[in-house]
Amino acid sequence: MHRDVIIVGGGHNGLTCAAYLAATGLKVTVLERRGVVGGAALTEEFHPGFRNSVASYTVSLLNPKVVADLELARHGLKVVERKMANFLPLDGDHFFVGEGRTKSEVARFSARDAERFDDYGNRLDAIADVLRELVLQTPPNLVEGGLGEAIPELLKSAVLGRKLSRLNLTAKRDLLALFSQSAGDWLDGWFEGAPIKAAYGFDGVVGNYASPYTPGSAYVLLHHVFGEVNGKKGAWGHAIGGMGAISQAMAACCRERGVEIRTGAAVAEVLTEKGRATGVVTASGDVLKARAVVSNLHPQLLFQTLVDPGVQPADFVERIARYRSGSGTFRMNVALSELPRFTVAPGPGDHMTGGIIIAPSLAYMERAYDDARAHGWSKEPIVEVLIPSTLDDSLAPAGQHVASLFCQHVAPELPDGRSWDDHRDEVADLMIATVDKHAPGFAKSVLGRQVLSPLDLERTFGLVNGDIMHGRLSFDQLFSARPVLGAGDYRTPIKGLYQCGAGTHPGGGVTGAPGHNAAREILKDVRRRRV
């Protein structure tokens with residue numbers, strides 16, 4: 001069989017890349033190790049009658065161009081907006097975040113903060129607009145010079161140049177601060193009230209094993225605010241049927257465009273001849289040849305397990321070994337007999353459709369991180385509860401519910417040589433007890449649960465050290481330096497071998513942007529007969 005491209009890994013970015021390539025007439029085969037495509041964007045039944053998004057759990061960063069180009073709505077995807085963005089249970093009070101509500105909530109805690117609130121939003125939106133332009137740009141692939149040269153060159157690109165020219169000096173200063181400061185320092189400079197700083201600061205630690213006062217966490221905050229739902233900037237939503245509805249719609253698009261999708265087809269080796277990728281060998285021993293091979297895997301899985309180190313430059317091998325991963329994430333799904341009743345807001349209300357964040361202050365988040373570093377997990381963890389069945393009655397039996405628990409902070413690797421296999425249930429019990437403190441009866445309402453430690457996330461989804469971002473979003477692992485300086489444009493040191501996963505720009509989240517961008521670069525090389 002003649003094939004032009006083999007894509008290793010059927011996660012959402014691999015499917016996105018495949019769909020774009022096939023649209024031009026290329027013959028594309030996607031090989032997925034597991035029995036179903038979707039990677040971490042997957043919906044499964046985890047308890048009889050209860051279905052939920054297994055790993056990734058909410059929609060915002062999915063790029064609207066990808067949604068349109070792949071005609072995902074026509075292929076069955078429907079996304080609904082949360083009725084409220086976030087709800088923070090506090091000691092004897094609550095804090096709501098949502099359109100038309102947040103400012104009045106801020107005013108309850110600080111009149112000064114309420115006066116600054118609109119200016120904060122406007123200035124952050126200006127930077128978020130730049131980031132929206134950035135996600136679909138290919139970083140300059142500098143092979144000489146340092147990272148300090150990469151960022152100026154990137155900002156000189158035509159699209160970004162026009163965007164930046166419209167920013168005033170204040171916005172440019174904000175941009176610099178957000179790329180270098182901690183989320184805590186950034187927010188402390190704006191607000192005095194703990195609840196608003198906690199609500200926004202959560203975005204700086206979610207999927208980021210760090211204190212909110214770790215330098216660079218302000219960018220992680222920014223990374224989580226550039227999304228949109230159904231054309232509404234900054235909104236968060238739910239895919240009807242769970243996150244698997246996204247990947248299934250992508251797979252339907254791929255098949256319509258002629259992509260061959262093979263599941264249960266793990267790749268054991270990327271074949272190379274004379275420094276060029278020529279195909280793959282599957283775990284079952286099948287040899288498949290192609291003009292190009294594209295990896296949707298974590299960079300370390302690709303270069304340390306599938307590609308002969310002898311064909312990689314020595315410094316590249318060293319840099320990949322140093323690539324840092326570990327998001328401090330512990331993921332749970334629970335089947336509930338009833339909707340939780342939070343002491344400070346017991347009614348069913350719109351707040352039950354949002355992200356319920358148990359982390360009342362930046363100080364609480366900092367203690368959680370310090371505790372996890374010392375002991376392996378925080379004794380007072382950060383827990384975000386999302387109850388998608390409040391928006392989607394297809395996920396649970398009538399009158400019952402499913403909840404996602406996205407928990408921080410836990411150590412990617414436990415100290416003293418301990419294994420997550422021995423402590424998984426102990427920590428799961430702690431997470432449920434943490435919610436139960438704010439919603440008495442929650443623990444008793446749990447009918448069943450699915451628990452994924454960092455080790456489980458690595459085993460199941462190939463998320464090295466449980467890192468949901470395929471690598472930390474630190475300054476030295478962004479843009480042209482993601483994953484390694486000199487290989488930031490989706491190409492690799494091996495001709496004909498490309499990357500399209502979240503270990504490339506712009507990083508993690510269910511965006512489709514890496515797949516989109518990689519396909520564009522591959523097609524350039526096809527037209528120039530470089531592959």
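Computed from a prediction, not measured in an experiment: that's the story for all the values here.
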Colleague: Does Lys495 come within less than 4.0 Å of Asp525, counting only side-chain N to carboxylate O?
Modeller: no
Colleague: Is it true that Arg51 and Glu44 make a salt bridge, defined as a side-chain N closer than 4.0 Å to a carboxylate O?
Modeller: no
Colleague: With side chains defined as the heavy atoms from C-beta onward, is the minimum distance between Pro388 and His401 less than 4.5 Å?
Modeller: no
Colleague: Is the side chain of Thr43 donor-acceptor paired with the backbone N or O of Gly244 at a distance under 3.5 Å, no angle test?
Modeller: yes
Colleague: With a 4.5 Å limit on heavy-atom distance, are the side chains of Leu222 and Leu124 in contact?
Modeller: yes
Colleague: Using 30° and 60° as the class boundaries, would you call the ring planes of Tyr209 and His409 parallel, tilted or perpendicular?
Modeller: perpendicular
Colleague: At what distance, to the nearest 0.5 angstrom, does CH2 of Trp420 lie from CG of Leu414?
Modeller: 5.0 Å
Colleague: Centroid-to-centroid, Phe179 to Phe475, below 6.0 Å?
Modeller: no
Colleague: Regarding Asp456 and Arg331, does a basic nitrogen lie under 4.0 Å from an acidic carboxylate oxygen?
Modeller: no
Colleague: For a 4.5 angstrom cut-off between non-hydrogen side-chain atoms, does Val135 reach Asn63?
Modeller: yes
Colleague: Answer yes or no: are there more than 12 heavy-atom neighbours, outside Arg257 itself, under 6.0 Å from its atom CZ?
Modeller: yes
Colleague: Can you check whether Val37's main-chain N or O pairs, donor with acceptor, with Glu32's side chain at less than 3.5 Å?
Modeller: no
Colleague: Which word best sums up how the rings of Tyr323 and His298 line up, parallel for under 30°, tilted for 30 to 60°, or perpendicular for over 60°?
Modeller: perpendicular
Colleague: Parallel, tilted or perpendicular: which one describes the rings of His505 and Phe479, with boundaries at 30° and 60°?
Modeller: tilted
Colleague: When rounded to the nearest 0.5 angstrom, what is the spacing between CG in Leu21 and SG in Cys17?
Modeller: 4.5 Å
Colleague: Keeping Thr492 on the side-chain end and Tyr498 on the backbone end, is there a donor-acceptor pair under 3.5 Å?
Modeller: no
Colleague: Between Arg418 and Asp422, is the closest basic N to carboxylate O distance under 4.0 Å?
Modeller: no
Colleague: Would you say CD of Glu71 has more than 12 non-hydrogen atoms from neighbouring residues, nucleotides or ligands within 6.0 angstrom?
Modeller: yes
Colleague: If I take atom CG from residue Leu61 and atom CZ from residue Arg132, how far apart are they, to the nearest 0.5 angstrom?
Modeller: 10.0 Å
Colleague: Looking at Trp236, is its backbone amide N or carbonyl O close enough to the side chain of Ser60 to form a donor-acceptor pair, meaning the two atoms are under 3.5 Å apart?
Modeller: no
Colleague: Would Asp308 and Thr272 count as a side chain to side chain donor-acceptor pair (under 3.5 Å) here? Give the steps.
Modeller: CA-CA 8 Å; Asp308 180 357; Thr272 60; 5.9 Å; no
Colleague: So do Arg33 and Val8 actually touch side chain to side chain, heavy atoms under 4.5 Å?
Modeller: no
Colleague: Tell me yes or no: between the side chains of Arg520 and Thr138, is some donor less than 3.5 Å from an acceptor?
Modeller: yes
Colleague: At what distance, to the nearest 0.5 angstrom, does SG of Cys254 lie from NE2 of His75?
Modeller: 9.0 Å
Colleague: Go through it in stages, so that I can follow the logic: the residues are Asp476 and Arg482, the test is salt bridge (charged side-chain N to carboxylate O under 4.0 Å, His left out), and I'd like the CA-CA distance, side-chain angles, deciding distance and then a yes or no.
Modeller: CA-CA 8 Å; Asp476 63 326; Arg482 191 167 186 89; over 6 Å; no
Colleague: Tell me, do Pro506 and Leu134 make a side-chain contact under 4.5 Å, heavy atoms counted?
Modeller: no
Colleague: Do Arg530 and Glu521 meet the salt-bridge criterion of a basic N to acidic O distance under 4.0 Å?
Modeller: no
Colleague: Does Asp393, at its CG atom, have more than 12 non-hydrogen atoms belonging to other residues, nucleotides or ligands within less than 6.0 Å?
Modeller: no
Colleague: Indicate the atoms forming the closest heavy-atom contact of Val28 with Ala18, along with that distance.
Modeller: CG1-CB, 3.9 Å
Colleague: Can you tell me if Thr263 uses its side chain to pair, donor with acceptor, with the backbone of Val36 under 3.5 Å?
Modeller: no
Colleague: Just so I know, are the side chains of Leu31 and Leu288 near enough to count as touching, which here means a heavy-atom distance under 4.5 Å?
Modeller: yes
Colleague: Which heavy-atom pair separates Gly466 from Ser327 by the least distance, and what is that distance?
Modeller: O-OG, 3.0 Å
Colleague: Is Lys78 salt-bridged to Asp392, cutoff N-O under 4.0 Å?
Modeller: no
Colleague: Starting at OG1 of Thr214, measure out to OH of Tyr369 and round the result to the nearest 0.5 Å.
Modeller: 5.5 Å
Colleague: Side chain to side chain contact (heavy atoms under 4.5 Å, CB included) with Val281: which of Val287, Val267, Leu306?
Modeller: Val287
Colleague: Rounded to the nearest 0.5 Å, how far does CG of Leu478 lie from OH of Tyr219?
Modeller: 5.5 Å
Colleague: Under a 4.0 Å N-O cut-off, is there an ion pair linking Asp467 with Arg324?
Modeller: no
Colleague: Would Ser217 and Asn208 count as having a side-chain donor-acceptor pair, cut-off 3.5 Å?
Modeller: no
Colleague: Please check if the side chain of Ser247 supplies one atom and the backbone of Ala41 the other of a donor-acceptor pair under 3.5 Å.
Modeller: yes
Colleague: Less than 4.5 Å apart, any side-chain heavy atom of Val205 and any of Leu221?
Modeller: no
Colleague: Examine Phe303 together with Phe316 and report whether their ring centres are nearer than 6.0 Å.
Modeller: yes
Colleague: I'd like to know if the side chain of Ser56 and the backbone of Met243 have a donor-acceptor N/O pair within less than 3.5 Å.
Modeller: no
Colleague: Are Asn13 and Asn296 close enough that a side-chain donor and a side-chain acceptor fall under 3.5 Å?
Modeller: no
Colleague: Please lay out, stage by stage, how Gln408 and Thr329 fare under the test side chain to side chain donor-acceptor pair (under 3.5 Å).
Modeller: CA-CA 5 Å; Gln408 307 263 144; Thr329 299; 3.0 Å; yes
Colleague: Donor-acceptor check, side chain of Thr504 to backbone of Cys500, threshold 3.5 angstrom: yes or no?
Modeller: no
Colleague: For residues Cys253 and Leu70, report the shortest heavy-atom separation together with the two atoms involved.
Modeller: SG-O, 3.5 Å
Colleague: Under 3.5 Å, is there a donor-acceptor pair between the Thr29 and Arg262 side chains?
Modeller: no
Colleague: Determine yes or no for a side-chain-to-main-chain donor-acceptor pair under 3.5 angstrom, with Ser295 supplying the side chain and Leu302 the backbone.
Modeller: no
Colleague: For Asn230 and Val79, indicate whether the former's side chain and the latter's backbone hold a donor-acceptor pair under 3.5 Å.
Modeller: yes
Colleague: Between the side chains of Arg34 and Thr460, is a donor N or O closer than 3.5 angstrom to an acceptor N or O?
Modeller: no
Colleague: Can you confirm whether the side chains of Tyr57 and Asn333 place a donor and an acceptor under 3.5 Å from each other?
Modeller: no
Colleague: To check you understand the geometry: which heavy-atom pair defines the closest contact between Phe46 and Gly448, and what is its length?
Modeller: CE1-O, 4.1 Å
Colleague: What I want to find out is whether Lys27 reaches Asp4 closely enough, with some N-O distance under 4.0 Å, to be called a salt bridge.
Modeller: no
Colleague: Any non-hydrogen side-chain atom of Ser480 less than 4.5 Å from a side-chain atom of Pro140?
Modeller: yes
